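A short worksheet on the structure shown next.
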Amino acid sequence: MYQIKNFTTNDDIKVLDEKGCFQVIEHQRDLSVTPDSAATAYFSAQMNVRRRQLVCDLSKAPVTIQAGAMQWMLGNVNATTGIKGVGDMATKLLRGKASGESAIKPEYTGDGLLVLEPTFKHLLLLDAEDWGGSVVLDDGLFLACDSRLTHKTVMRNNLSSAVAGGEGLFNLSLNGRGVFCLESDCPWEELIEIELKDDVLKVDGNFVIAWSGSLNFTVERSGKSLIGSAASGEGLVNVYRGTGRLLMMPTAR
């Protein structure tokens, strides 16, 4: 059986969060610096610009990750494409083309350890069960998930307004029970969580990074008419209707 030293037990490593088979670690300081880069590394750490990594314990669950995200793996680990035939490959290629995500997301099974590439973005661990078993993600946020979650592509109701609003027509949806990880520009401490109960949220811009699959998502004029939209000073807005949860950043992506 393997042993690991000076990794998560290093005094420069802080465990930020743990859920399911995932662990988020953060490097408190960047010690691999030169005299020319030392000042930048110091002030970056002071402003919470730090390297973070996702550690996956495959003995707890199989894992699906974004293509190219693997840094190293240890022990009994098997990597596959996750494709179950020609039809499944065609479906995933179409889904990747539509949502802007990588078409092929590798799956890892076994009882070893999988460590993903470091990133300066914030790694958020969420449980799909807290979202009613279905959550829709904004483009480019998916990093990893429990492989028992199924991936689907959801389409906007009104395509013409989505194009006019500068938003994508399709989004990635995760469904079932399991934990997933998002790679976010915004830390958890700044995220705004909103619970809707037969209500409506209108947002001018792509501030929302995740929302319940039960919500109806459209792009509409901010007012009931063109004149009303002009009077408000806003044009098209993202609209979320129904009952469910949303996570929103204070600044647009």
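Since the structure is predicted, the reported quantities are computational estimates derived from the model, not experimental observations.
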Q: Start with the C-alpha gap between Leu247 and Val208, add the side-chain angles, then the distance that decides, and say whether side-chain contact (heavy atoms from CB on, under 4.5 Å) holds.
A: CA-CA 6 Å; Leu247 278 181; Val208 177; over 6 Å; no

Q: Begin from the C-alpha positions of Leu116 and Leu143 and carry the test side-chain contact (heavy atoms from CB on, under 4.5 Å) through to its verdict.
A: CA-CA 9 Å; Leu116 304 195; Leu143 179 61; 3.9 Å; yes

Q. Given Leu126 and Val179, is the side-chain contact (heavy atoms from CB on, under 4.5 Å) satisfied, shown in steps?
A. CA-CA 6 Å; Leu126 302 168; Val179 176; over 6 Å; no

(Q) Applying side-chain contact (heavy atoms from CB on, under 4.5 Å) to Cys145 and Lys105, what does each step give before you reach the verdict? (A) CA-CA 10 Å; Cys145 74; Lys105 294 181 173 64; over 6 Å; no

Q: With ring pair (Phe, Tyr, Trp, His ring centres under 6.0 Å) as the test, would you mind laying out the steps for Phe180 and Trp131 before giving the verdict?
A: CA-CA 12 Å; Phe180 58 96; Trp131 295 77; 7.2 Å; no

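Between the side chains of Ser59 and Asp57, at least one donor-acceptor pair of N or O atoms lies under 3.5 Å. Between the side chains of Asn175 and Ser173, a donor-acceptor pair is found at a separation under 3.5 Å. Inspection of the Glu107 and Thr81 side chains reveals no N or O donor paired with an N or O acceptor under 3.5 Å.
Ion pairing of Lys121 with Asp185 is present here, as a side-chain N (NZ or NE/NH1/NH2) and a carboxylate O approach within less than 4.0 Å. Note on Arg52 versus Glu117: no salt bridge recorded, every NZ/NE/NH1/NH2 to OD/OE distance being 4.0 Å or above. At a threshold of 4.0 Å, the pair Lys202-Asp204 does not count as salt-bridged, since none of the basic side-chain nitrogens sits closer than that to a carboxylate oxygen. Using a 4.0 Å cut-off between charged nitrogen and carboxylate oxygen, Glu26 and Arg51 do not count as a salt-bridge pair. A salt bridge does not link Lys197 with Asp199: every distance from a Lys NZ or Arg NE/NH1/NH2 to an Asp or Glu carboxylate oxygen is 4.0 Å or more.
Side-chain contact between Asn171 and Thr153: absent, with no pair of heavy atoms (C-beta onward) separated by less than 4.5 Å. A 4.5 Å side-chain heavy-atom check between Leu113 and Leu58 finds every atom pair outside the cut-off. A heavy-atom distance below 4.5 Å is not found between the side chains of Ile209 and Met248. You'll find the side chain of Cys181 stays beyond 4.5 Å of the side chain of Lys19, heavy atoms only. Between Leu196 and Leu246, some side-chain heavy-atom pair lies under the 4.5 Å cut-off. Residues Asn216 and Thr218 are in side-chain contact: their nearest non-hydrogen atoms beyond the backbone lie under 4.5 Å apart. For the pair Leu54/Leu125, a side-chain contact is recorded, criterion being any heavy-atom separation below 4.5 Å from C-beta on. Between Gln66 and Pro106, every side-chain heavy-atom pair lies at or beyond the 4.5 Å cut-off.
Between Trp72 atom CH2 and Gln53 atom CD the span is 8.5 Å, to the nearest 0.5 Å. To the nearest 0.5 Å, atom CG of residue Asp36 and atom OG1 of residue Thr34 are 4.5 Å apart. Rounding to the nearest 0.5 angstrom, the gap separating the OG1 atom in Thr109 from the CG atom in Asn76 is 7.5 Å. Taking CD1 of Ile192 as the start and CD1 of Ile194 as the end, the distance is 6.5 Å to the nearest 0.5 Å. The distance from atom NZ of Lys60 to atom SG of Cys21, rounded to the nearest 0.5 Å, is 8.0 Å. Within the model, atoms OG1 of Thr150 and CZ of Arg148 stand 13.0 Å from one another, a figure rounded to the nearest 0.5 Å.
Met73 and Val63 fall within a single hydrophobic cluster, where Ile, Leu, Val, Met, Phe, Trp and Tyr are joined by side-chain heavy atoms under 4.5 Å apart, directly or via other members. Leu137 and Leu191 fall within a single hydrophobic cluster, where Ile, Leu, Val, Met, Phe, Trp and Tyr are joined by side-chain heavy atoms under 4.5 Å apart, directly or via other members. Val200 and Val237 fall within the same hydrophobic cluster, defined by Ile, Leu, Val, Met, Phe, Trp and Tyr side-chain heavy atoms under 4.5 Å apart, directly or through other members. Hydrophobic clustering (ILVMFWY, side-chain heavy atoms < 4.5 Å, transitive): Leu174 and Leu141 are in one cluster. Criterion: ILVMFWY side-chain heavy atoms under 4.5 Å apart, direct or through other members. Under it, Val24 and Leu114 are part of a common hydrophobic cluster.
The nearest pair of heavy atoms linking Met249 to Ser184 is SD-OG, 4.2 Å. The shortest heavy-atom contact between Leu215 and Gly244 is CD2-N, 3.7 Å. In plain terms, the two heavy atoms of Leu74 and Tyr2 that are nearest each other are CD2-CD1, 3.3 Å. The two residues Ala128 and Leu149 make their nearest non-hydrogen contact at CB-CD2, 3.7 Å. The nearest pair of heavy atoms linking Gly205 to Asn238 is O-ND2, 3.1 Å. The minimum heavy-atom distance between Tyr108 and Val77, with the atom names listed, is CD2-CG1, 3.8 Å.
In this structure, Ser44 contributes its side chain and Thr40 its backbone to a donor-acceptor pair below 3.5 Å. For Asp12 (side chain) and Arg29 (main-chain N/O), a donor-acceptor pair under 3.5 Å exists by modelled atom type. At distances below 3.5 Å, at least one donor-acceptor pair connects side-chain atoms of Ser147 with backbone N or O atoms of Thr64. Under a 3.5 Å cut-off, the side chain of Arg245 and the backbone N or O of Asp130 do form a donor-acceptor pair. A donor-acceptor pair under 3.5 Å is absent between the side-chain atoms of Gln23 and the main chain of Glu18, judged by distance alone. Looking only at distances, no side-chain donor or acceptor of Arg221 sits under 3.5 Å from a matching main-chain atom of Leu236. With Asp198 contributing its side chain and Thr243 its backbone, the two residues share no donor-acceptor pair below 3.5 Å. A side-chain donor-acceptor contact under 3.5 Å links Arg50 to the backbone of Gln28.
Within the structure, the ring pair (Phe, Tyr, Trp, His ring centres under 6.0 Å) test picks out no pair touching residues 13-67 (sequence neighbours left out).
In this pair, Phe217 and Tyr240 present their aromatic rings parallel. The plane angle is below 30°, not in the 30 to 60° band.
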